[in-house]
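The model shown is predicted, which means the values in this text are computed figures rather than measured ones.
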Amino acid sequence: MSVLPIVTYNDPVLREKTKPVEENDQELQTLIDDMFDTMYNSQGVGLAAPQVGKKIQLFVMDADGITDELEEETSHGPLVVINPKIVETTGEKVKMEEGCLSIPDVRDDVVRPEKVTIEYLDRDFNKKRIEAEGWESRVIQHEYDHLQGVLFLDYLSAFKKRLHKSLLKKIDKGTLNIEYPVVSKD
C-alpha cells in the first residue's frame with residue numbers, strides 16, 4: 001500500500017466522465033488500498049479515482065470522523081463504491097461548506113439535497129444499496145460528482161468563483177504549498 005499523488009485543479013482528468021469498472025482484479029484491489037492510504041494521509045473524507053488520475057467509476061470514503069462528532073448523525077463506516085448510481089435524492093436542500101483534496105485551501109458553501117440513495121458494487125463486487133443523510137450524503141454526492149467530471153466549484157456563483165481566483169491560479173501553477181503529495185505541474 002502506498003500514498004498516491006493527487007491531481008489538482010485544472011487537470012483535464014478532473015473534467016472527464018469516468019468509465020465503469022469491468023473487472024475485480026488485484027490491480028483494482030491495490031488501487032482501492034492505495035486510495036484509502038492517500039485519503040487518510042491527506043486528512044480527507046473521500047477520494048474519487050479521477051483525483052489520482054484514473055478514469056474509472058470508483059471512490060472511497062470514510063465519514064466516520066465527521067459523524068462521530070455529531071450525535072444525531074450516523075455513518076456506514078469506510079466505504080468502497082464502485083459503479084455507483086444515484087437512485088434518489090430527497091429532503092431539504094441544505095447549504096454546507098465543502099472542500100476538495102484536488103482544490104486545496106478552497107472552501108465554500110454548496111447546496112445539496114439532505115439525503116441520497118445509491119446503488120453500487122462494494123470491493124468484492126457485491127451489489128449494495130444504502131440511504132445516507134447529513135455529512136455522509138454530502139460526501140457521497142461530492143465524490144459521485146467527481147465521476148461525472150463535476151467539481152464543487154461548479155455549484156458556485158460567478159462572484160464566489162472570482163473570490164477564489166487568486167488561490168485557484170496558485171493551485172494551477174503549482175505554487176501553492178500543499179501538505180500532501182500532488183501531481184507535479186511541470
Side-chain angles (χ1 to χ4, degrees), residues 3-19 31 34-63 65-67 69-70 73 81 84 86 89 91-116 118 132-186:
V3 173
L4 304 171
I6 294 176
V7 171
T8 57
Y9 178 71
N10 260 356
D11 189 301
V13 74
L14 294 174
R15 292 304 192 169
E16 295 180 33
K17 279 195 162 203
T18 55
K19 297 189 180 335
L31 176 61
D34 290 349
M35 286 176 65
F36 271 115
D37 284 351
T38 302
M39 179 186 73
Y40 290 132
N41 178 72
S42 308
Q43 278 127 47
V45 294
L47 185 68
Q51 293 180 273
V52 293
K54 305 294 183 188
K55 301 175 192 176
I56 59 172
Q57 294 177 10
L58 163 68
F59 66 82
V60 298
M61 61 175 282
D62 185 352
I66 298 170
T67 58
E69 295 176 12
L70 306 169
E73 287 198 26
V81 179
I86 290 183
T89 57
E92 292 180 38
K93 300 275 187 172
V94 179
K95 182 192 304 186
M96 295 172 85
E97 187 179 75
E98 289 188 26
C100 181
L101 294 175
S102 290
I103 312 170
D105 292 351
V106 176
R107 302 187 67 75
D108 214 317
D109 290 334
V110 175
V111 177
R112 295 188 188 270
E114 181 179 34
K115 299 176 184 176
V116 66
I118 62 164
E133 59 184 298
W135 273 106
E136 187 176 47
S137 170
R138 181 157 298 266
V139 174
I140 288 169
Q141 291 176 71
H142 178 106
E143 299 308 328
Y144 182 87
D145 278 353
H146 274 299
L147 305 183
Q148 310 307 311
V150 175
L151 300 175
F152 85 93
L153 297 173
D154 299 339
Y155 292 96
L156 303 181
S157 68
F159 173 74
K160 289 277 196 155
K161 288 177 188 173
R162 278 194 305 276
L163 291 176
H164 298 298
K165 191 174 183 177
S166 65
L167 198 50
L168 293 172
K169 279 185 178 180
K170 285 182 179 180
I171 297 167
D172 189 35
K173 290 179 181 177
T175 59
L176 183 70
N177 183 26
I178 303 169
E179 296 186 15
Y180 45 84
V182 296
V183 173
S184 174
K185 292 286 185 170
D186 297 338

(request) Heavy atoms only: give me the nearest G53-V7 pair and the separation to one decimal. (result) N-CG2, 3.6 Å
(request) Measure across V183 and P5 and return the closest heavy-atom pair with its distance rounded to 0.1 Å. (result) N-CB, 3.8 Å
(request) Using side-chain contact (heavy atoms from CB on, under 4.5 Å) as the criterion, point out the one residue from V45, I6, T8 that pairs with L101. (result) I6
(request) Taking all non-hydrogen atoms of both residues into account, name the closest pair between F152 and V106 and its distance. (result) CZ-O, 3.6 Å
(message) side-chain contact (heavy atoms from CB on, under 4.5 Å), that's the test. Do L168 and L153 meet it? Break it down for me.
(response) CA-CA 10 Å; L168 293 172; L153 297 173; 3.9 Å; yes
(message) Going by side-chain hydrogen bond (donor to acceptor under 3.5 Å, both in side chains), name the pairs with one or both residues in residues 92-105, residues two or more places apart or in two chains.
(response) Q51-S102, E97-R107, E98-R112, E98-R138, E98-H142
(message) Minimum heavy-atom separation for I86 and V116, please, with both atom names.
(response) CG2-CG2, 3.8 Å
(message) Can you confirm whether K185 is buried at NZ, in the sense that more than 12 heavy atoms of other residues, nucleotides or ligands lie under 6.0 Å from that atom?
(response) yes
(request) Could you tell me whether the side chain of F59 reaches within less than 4.5 Å of the side chain of I140, counting heavy atoms only? (result) yes
(message) Less than 4.5 Å apart, side chain to side chain, heavy atoms only: is that true for L147 and P50?
(response) yes
(request) Search all heavy atoms of P113 against all heavy atoms of S137 and return the closest pair with its distance. (result) O-OG, 3.8 Å
Could you list the donor-acceptor pairs under 3.5 angstrom formed by side chains in residues 160-167, with sequence neighbours left out?
residue, atom, partner, partner atom, Å
K160, NZ, D108, OD1, 3.0
H164, NE2, D108, OD2, 2.7

(message) With a 4.5 Å cut-off on side-chain heavy atoms, are I118 and V81 touching?
(response) yes
(message) Rounded to the nearest 0.5 Å, what separates atom CG in L151 from atom CD1 in I103?
(response) 4.5 Å
(request) Rounded to the nearest 0.5 Å, what's the gap from CD on E114 to CD on Q141? Could you check? (result) 10.5 Å
(message) Side chains of M39 and D62, heavy atoms from C-beta outward: is any pair under 4.5 Å?
(response) yes
(message) Within the 4.5 Å heavy-atom criterion, are H146 and L47 side-chain neighbours or not?
(response) no
(request) To the nearest 0.5 angstrom, please state how far the OH atom of Y180 sits from the CG atom of L4. (result) 13.5 Å
(request) Please examine the side chains of N10 and I171, heavy atoms only from C-beta on, and report whether any two atoms are closer than 4.5 Å. (result) no
(message) Return the CD to NZ distance between Q57 and K17, rounded to the nearest 0.5 Å.
(response) 9.0 Å
(request) Calculate, to the nearest 0.5 Å, the distance between atoms OG1 and NZ belonging to T175 and K169 respectively. (result) 11.0 Å
(message) Is the shortest side-chain heavy-atom distance between C100 and Y9 below 4.5 Å?
(response) no
(request) Would you sort out whether D145 and Y155 count as a side-chain contact (heavy atoms from CB on, under 4.5 Å), showing the intermediate values? (result) CA-CA 11 Å; D145 278 353; Y155 292 96; 2.7 Å; yes
(request) Would you check if M96 and W135 make a side-chain contact, meaning some heavy-atom pair closer than 4.5 Å? (result) yes
